[in-house]
Asks: 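Here's a structure for you.
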Amino acid sequence: MTDSPIFEYEILVPDPSDLAGRPIDSGVVDDWTGTAHDLGRQILKRWQAEHPEEHASERPITVAVSGSTGAWAAIEDPAPAGAVERALEVAIEAKLVADFAAERAGGVLADAMRDARRWGGLSANNISDRVARVMSRPTALKQLRGVWPADETYDLTVTGAITYGLDAGQTEVATCPTCGAQEKHTVFGSPAGEVRLICAAGHRFDLPAAVGRELLKRLIERPDASITRFVPPPNVHPQS
């Protein structure tokens, strides 16, 4: 059995400072099984009967109704709709509800894809093949960009120098503190854990933690990069 949708409504009057109108009343309806449009008409009709002085002022009153399943309507006339008009309203709300459900399903799918990549050990290509009936390959790969298996370790070599950005437009080149090498470093580690650099002579050294992780993420996204220059996240500073 499907629960009835919950509707929220606002009664609005014109306001020069707010194009949407100024709310003068609001409420929640949890026992309505009809359309948002019909509910709006009922609320407006009742409000006009209970506030004849406001109704007599001839200020245009709008009732905006939104449902928990995505339905929406804005009503300015409490008169019942004709059969053809009501059929249009029903079709509009059906599309709104379908779009809302599709958006929610898309979010659930995106979360499941990222979990499969991070915790299930599935490759991005494998996942994009599995979701091909509901999502294009480029879109699937884009959804998975920046998501890495939590327990996977990478070992990527950069043939050129690794230059990263500092504050005030300054840059620094990753340099082995033992032999002074500035090229052909191997970046070793996990995006979710520790990242170290290894120079061609085999000396291991560190970058600031967040800088190292960001560097590894960039290399995973572009494994063909020969020279890597990037700007680390905000507030990331080299530490001595």
Side-chain angles (χ1 to χ4, degrees), residues 1-118 124 127-147:
M1 181 177 178
T2 303
D3 293 335
S4 298
I6 297 173
F7 291 93
E8 297 181 359
Y9 69 86
E10 284 188 326
I11 299 176
L12 306 164
V13 296
D15 188 331
S17 64
D18 190 343
L19 293 178
R22 176 172 56 86
I24 59 173
D25 198 2
S26 62
V28 176
V29 178
D30 59 7
D31 58 355
W32 182 260
T33 58
T35 68
H37 286 79
D38 285 343
L39 177 58
R41 291 187 183 94
Q42 184 184 91
I43 292 171
L44 181 55
K45 183 178 181 179
R46 182 178 67 237
W47 188 89
Q48 289 178 344
E50 294 175 352
H51 302 82
E53 70 287 352
E54 289 285 347
H55 181 46
S57 70
E58 297 185 353
R59 286 193 303 172
I61 305 294
T62 301
V63 175
V65 180
S66 59
S68 58
T69 57
W72 184 87
I75 299 299
E76 298 178 351
D77 184 353
V84 174
E85 182 183 357
R86 192 173 188 283
L88 176 60
E89 294 172 352
V90 170
I92 291 171
E93 291 193 31
K95 183 63 167 63
L96 289 170
V97 170
D99 288 349
F100 182 77
E103 183 177 351
R104 292 184 63 180
V108 172
L109 175 60
D111 288 342
M113 291 167 59
R114 287 190 285 266
D115 287 346
R117 177 78 176 115
R118 182 176 288 113
I127 296 170
S128 65
D129 288 342
R130 290 172 180 245
V131 302
R133 291 293 297 273
V134 294
M135 184 180 296
S136 70
R137 178 178 177 82
T139 300
L141 294 176
K142 184 177 180 179
Q143 291 269 12
L144 294 169
R145 187 177 300 163
V147 181

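If you're wondering where the values come from, they're calculated on a predicted model, not measured in any experiment.
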Asks: Atom CD1 in Ile61, atom CD1 in Ile75: separation rounded to 0.5 Å?
Replies: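 These two atoms lie 14.0 Å from each other.
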
Asks: Tell me every residue that passes side-chain contact (heavy atoms from CB on, under 4.5 Å) with Arg86, counting only those two or more places apart in sequence or in another chain.
Replies: Thr35, Asp38, Ala81, Glu89, Val90

Asks: What is the distance from atom CZ of Phe7 to atom OG of Ser66, rounded to the nearest 0.5 Å?
Replies: 9.0 Å

Asks: Could you tell me which non-hydrogen atom of Gln48 sits nearest to which non-hydrogen atom of Pro78, and how far apart they are?
Replies: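 Nearest pair, atom of Gln48 first, then Pro78: OE1-CG, 3.5 Å.
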
Asks: Only pairs at least two apart or in different chains count here, so list each side-chain hydrogen bond (donor to acceptor under 3.5 Å, both in side chains) that has a residue in residues 17-30.
Replies: Asp15-Ser17

Asks: Enter the distance from Asp111:CG to Arg114:CZ here, rounded to the nearest 0.5 Å.
Replies: 5.0 Å

Asks: Can you see which heavy atom on Tyr9 is nearest to which on Val28, and at what distance?
Replies: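 The answer is CE2-N, 4.0 Å.
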
Asks: Near Glu103 CD, under 6.0 Å, is it more than 12 heavy atoms from other residues, nucleotides or ligands?
Replies: no

Asks: At what distance, to the nearest 0.5 angstrom, does CG of Leu141 lie from CD of Gln143?
Replies: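 So the CG of Leu141 and the CD of Gln143 are separated by 10.5 Å.
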
Asks: About how many Å separate NE2 of His37 and CH2 of Trp72, when rounded to the nearest 0.5 Å?
Replies: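 Between Trp72 CH2 and His37 NE2, I get 8.0 Å after rounding to 0.5 Å.
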
Asks: Distance from Thr62 atom OG1 to Ile24 atom CD1, nearest 0.5 Å?
Replies: 10.0 Å

Asks: So for atom CZ, which belongs to Arg137, do other residues, nucleotides or ligands contribute more than 12 heavy atoms lying within a distance under 6.0 Å?
Replies: yes

